[in-house]
Amino acid sequence: MNEKYFPTEIEERQQQRWAEAKVFEANVDESRPHFYCLEMLPYPSGRIHMGHVRNYSIGDALSAYKRMTGYNVLHPMGWDAFGMPAENAAIKNNSRPDTWTFENINAMRAQLQRVGFSYDWRREIASCTPEYYRWNQWFFIQMFKKGLLYRKNATVNWCVKCNTSLANEQAEGGFCWRHEDTPVELRELEQWFIRVSKYADQLLDDLDTLEGGWPERVLTMQRNWIGRSKGAEVDFAIDNTIETGCETHLIRIFTTRIDTIYGASCMIVAPEHALIDELIASGKASDELKAFVEKQRATSKEDRIAEGTEKEGVSTGLFAINPFNGKKLPIWTANFVLTGYGTGAIMAVPAHDERDFEFCKKYDLPIVRVIKMTDSTEPHDAPVEAPFTAKDESGLLINSGEWSGKTVPEAIATMTAKAVEGGFGAAQTNFKIRDWGVSRQRAWGTPLPFIHCPTCGIVPVPEDQLPVELPKDLNFNTQGAPLAEHAGFVNVNCPTCGNAARRDTDTMDTFVDSSWYYFRYVDPHNTELPFDPKVAAYWTPVDQYIGGIEHAVLHLIYTRLWTKIQRDLGLITFDEPVKNLLTQGMVCLATARCEEHDWLNPTEVLDGKCKFCGRDAKIGRTEKMSKSKKNTIDPDEMINTFGADTVRLFMLFAAPPEKDLEWDDSAVEGASRYLNRVWRIVYKWHEKVSGVGVQVSEFSPSESSDAARALRRKTHQTIQRISNDIGQRMNFNTGVAALMELTNAIYDFDKKVDENNAGDMFALKEALEALVKMLAPYTPHIAEELWAALRGEGGHTDFVVVSAWPAFDAELAKADELEIPVQINGKMSGRVIVAAEIDDEALKQAVFNDEKIKAKIAERQIVKTIVVPKRLVNIVVK
RNA sequence: GCGAAAGUGGCGGAAUUGGCAGACGCACCAGACUUAGGAUCUGGCGCCGUGAGGCGUGGGGGUUCGAGUCCCCCCUUUCGCACCA
């Protein structure tokens, strides 16, 4: 063992030892409990960043702890390797996306290996390889056969920068998810869709089974996104279609509040509604209406409903008949009623809906109260000051004919039944979530395995011809889709009739790749199926998934969907892929900016000045490290300076995993200082304790010195604490604090130790070994090195990273005396020292015998005494 | 606007069930060792006060023998949703 700690040297050595001994390779072993620890796979952008290091340090610490506590741990890594940047790089460098991608993968793999993560690299996958993406194609064919995949003409979100269509989820708020400054355009295209609607109920309902294992806010975001609303569709007859020459005689609305139908003041249809088209075509539309509709149609959905936009509308001149009370209601069109949700038409009930209230007030439409609060004594015709919208038992129907007096839920049920009976309505559930548009007009993605035949229509590529490989010689310097312009790819004979046909030239959304990648890890070289169901049954579902909150909706909803599809294909038997989800916080740093040179990297700021021009660098707020603001720290540089162990230790110590973490150079130095401190004390003792071959049982605590007993107590208390911190709570930061305390205790003991006392030496050996073992999840390299030293030089056959976690002995952890705080009237008034095994009565006696306490109570009258066993005494006095 | 989470020393954070607030670390201060230290070691370090003592977990109220923790009101920050009928 070297006297000095040289991190990079030992890190290289230990990484090599682990690789040679294949210590992180995991195989199915029915005799052992298994644990699947998964971290979100990175996009191979070229270099790993601190966010990756944090994410993977958390997963690695958990994996190591699980391994050491007896689990067979699956801990794999791979690459989300399809996507636009590779195509852009290919254009820029006039090369190929696969070249760029694999260079990046190689560089990033080397970086990850340098951090020393315990991955089973045999299982590595890259989604851009035909071995992987053929199974995307296989899934699509199965889904096509089951009717889960279909084509339709649809208005899609189009990003001009990506030059492709986007899924609904990728165009939230009207902007491209990759280009936040680029509004999406709407284009009409024929596209492939996955029938999410068939799973919408399950996707929502199964979220309940994830309670406790997933962060509540992720569940909320998903519930929001799926957006189920149960209600009814109701047909209103149109009264005066004859005069206007319209063909349509019914207007169908969607409502969640059929119980308020007696309070409807008007009908409102979206400006895109077919009725409007018809009315305009008939020539009976007013100029005002035509102008309004034209204006609205030229306005995007986002702008129409943007914050602060006032509700606007125009009457169509048509009237509808309320099927419940025969009332004639004017039909309007308005900006806030949207096409694409429900039926694109509503009944407006101003007394019981905020939006309708605002609208009807503005246009002087009648406001009739039809629900009152159960205990309200207000007259039924009192003016409505604000809409009453509660949908529960707190509401009773009024002014509603035969339904008056029913509670809201009763009325919803019975009035829906009435509509069904009368043939003018039905219960209906709507979802905000849409079918998943998976077609992309890009070239660096999985080709869709379908052939368009003029005779046979759409024909799936026969499974024995998979994969449909991407050509290597695509031309990316084109405005169109590169695949469509590659004749060798496009032209093909129809598998059914043999005539000339065309391949589908779209590729799949890359979220397909990440929807099932972790199933592939369990059986990554299978050539018959995506994975062997028997192997998957052993490893999956994932026990712990760790990644960023940014995937709360997109990736995590797609992968839940994919799991249900795989279940229905018979590959797996469970409903949810991930039992526990940890969303780790971001790695942040203050930004710095120069008037002249814009954003500055921390290495470009010297003494608060821009290093290029010497102007003051303006320090901005702390935010997520990002390339654009240059507030990044390069993991490689940090590893060069401090070693990987220090970087990992800092990341796990500085904040609990789910919170944001601010990079702090001084605190990193502190982590490094701590490891040096551990190194020094192990160095000092390693030779002497490696010779101590004594069994625990040979020392009864009573024979040991007080100092040895105290050290052993601290050792075992630490084992208990850290097992709970890592194993139960995943609070790695408090675990580090516990290890630092143990280290401090060892240093204290070091001052008092009697080298000739076997008990002392045993306690020291035990403490050092436990410390080194418990460091292994955090800082595996130094732990491994110190472990070897403690075991005696030359005996390098075992590995601390797969050794048994130190055993906890409750007897040894127990204190033999306690310091009990004493309160008088709830205020701290002193402490008494008592034996650990004291009962309440004896504790009380000890307190009342204490001179200080006696003096404080003095003449006062004791009302009562509260004894919290072995923790605290509170004396209440008058 | 709606919903969620959070607010604790100069800083990051700890306090697992209502029971010693500030563990552990960073920064800082003093000292030791040193040619030197940005190494290491020792000690100090919530605020006010010379002191005894008092105050203290965003603010205000409450429950309790006892509240950072539970309840009510308010403020601030962050995140998510935002005319979805």
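Lettering follows sequence order; numbering is per chain, from 1.
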Within this structure, what is the [atom1]-to-[atom2] distance between [X] and [N], rounded to whole angstrom?
{"X": "A/Asn733", "N": "B/rG12", "atom1": "CG", "atom2": "C1'", "answer": "10 Å"}
{"X": "A/Asp356", "N": "B/rA85", "atom1": "CG", "atom2": "P", "answer": "12 Å"}
{"X": "A/Leu554", "N": "B/rG80", "atom1": "CG", "atom2": "P", "answer": "13 Å"}
{"X": "A/Lys4", "N": "B/rA39", "atom1": "NZ", "atom2": "P", "answer": "14 Å"}
{"X": "A/Ile746", "N": "B/rC41", "atom1": "CD1", "atom2": "C1'", "answer": "18 Å"}
{"X": "A/Glu662", "N": "B/rG25", "atom1": "CD", "atom2": "P", "answer": "20 Å"}
{"X": "A/Leu739", "N": "B/rG13", "atom1": "CG", "atom2": "P", "answer": "20 Å"}
{"X": "A/Trp679", "N": "B/rA39", "atom1": "CH2", "atom2": "P", "answer": "20 Å"}

inquiry  = With a 3.5 Å cut-off and heavy atoms only, can you find an N or O donor on one side and an acceptor on the other between the side chain of A/Arg831 and the base of B/rC20?
reply    = yes
ask   = Angle class for the A/Phe424/A/Phe324 ring planes (parallel below 30°, perpendicular above 60°, tilted otherwise)?
value = perpendicular
task = Compute both the distance and the angle, then confirm whether A/Lys311 meets the cation-pi test with A/Phe359: under 6.0 Å from the six-membered ring centre, within 45 degrees of the axis.
result = no
Among B/rG13, B/rG80, B/rA23, the one nearest A/Lys659 by side-chain distance =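 Nearest listed nucleotide: B/rG13.
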task = Please determine, for the side chain of A/Asn224, which listed nucleotide (B/rC20, B/rC81, B/rC65) has the closest atom?
result = B/rC81
query = Distance only, no hydrogens: is a donor on one side chain within 3.5 Å (strictly under) of an acceptor on the other, for A/Thr646 and A/Tyr5?
reply = no
inquiry  = Can a side-chain donor-acceptor contact be found between A/Thr591 and A/Asn631 if the only test is distance below 3.5 angstrom?
reply    =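 A/Asn631 vs A/Thr591: no donor-acceptor pair found between side chains.
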Using a cut-off of strictly less than 4.0 Å, decide whether [X] has a side-chain nitrogen or oxygen near OP1 or OP2 of [N].
{"X": "A/Ser666", "N": "B/rC11", "value": "no"}
{"X": "A/Arg680", "N": "B/rA39", "value": "no"}
{"X": "A/Arg673", "N": "B/rA27", "value": "yes"}
{"X": "A/Arg729", "N": "B/rA15", "value": "yes"}
{"X": "A/Lys311", "N": "B/rC83", "value": "no"}
{"X": "A/Lys827", "N": "B/rC55", "value": "yes"}
{"X": "A/Asn874", "N": "B/rU64", "value": "no"}
{"X": "A/Tyr674", "N": "B/rG25", "value": "no"}
{"X": "A/Arg677", "N": "B/rC41", "value": "yes"}

task = Please figure out whether A/Asn731 or A/Glu358 has its closest RNA chain B nucleotide nearer the 5' end.
result =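 Nearer the 5' end of the strand: A/Asn731.
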inquiry  = On RNA chain B, compare the nucleotides closest to A/Lys751 and A/Met828; which residue's is nearer the 5' end?
reply    = A/Met828
query = If the P atom of B/rU42 is compared with that of B/rC33, how far apart are they to the nearest Å?
reply = 15 Å
ask   = P atom, B/rU8 versus B/rG58: distance in rounded Å?
value = 6 Å
task = Can you establish whether the number of heavy atoms outside A/Arg871 located under 6.0 Å from its atom CZ is more than 12?
result =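 Not buried by this count: 12 neighbours or fewer within 6.0 Å.
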ask   = Would you find more than 12 non-hydrogen atoms of other residues, nucleotides or ligands less than 6.0 Å from A/Arg228 atom CZ?
value = yes
Results of ring pair (Phe, Tyr, Trp, His ring centres under 6.0 Å) for A/Tyr674 - residues two or more places apart only = none
query = With a 4.0 Å cut-off on heavy atoms, is A/Thr220 in touch with a base, just the backbone sugar-phosphate, or nothing at all?
reply =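 The residue A/Thr220 makes no contact with any strand.
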key: Base-paired stems that RNA chain B participates in, counting runs of 3 or more Watson-Crick or G-U pairs under 3.5 Å   =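 Detected stem regions: B:1-7 with B:75-81, B:10-12 with B:24-26, B:28-32 with B:40-44, B:46-48 with B:53-55, B:58-62 with B:70-74.
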query = Syn or anti for B/rG9, taking syn as within 90° of 0?
reply = syn
ask   = Is there side-chain contact between A/Asp356 and A/Ser265, with at least one heavy-atom pair below 4.5 Å?
value = no
key: Heavy-atom check, side chain of A/Leu771 versus side chain of A/Leu739, under 4.5 Å   =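 Counting from C-beta outward, A/Leu771 and A/Leu739 do come under 4.5 Å.
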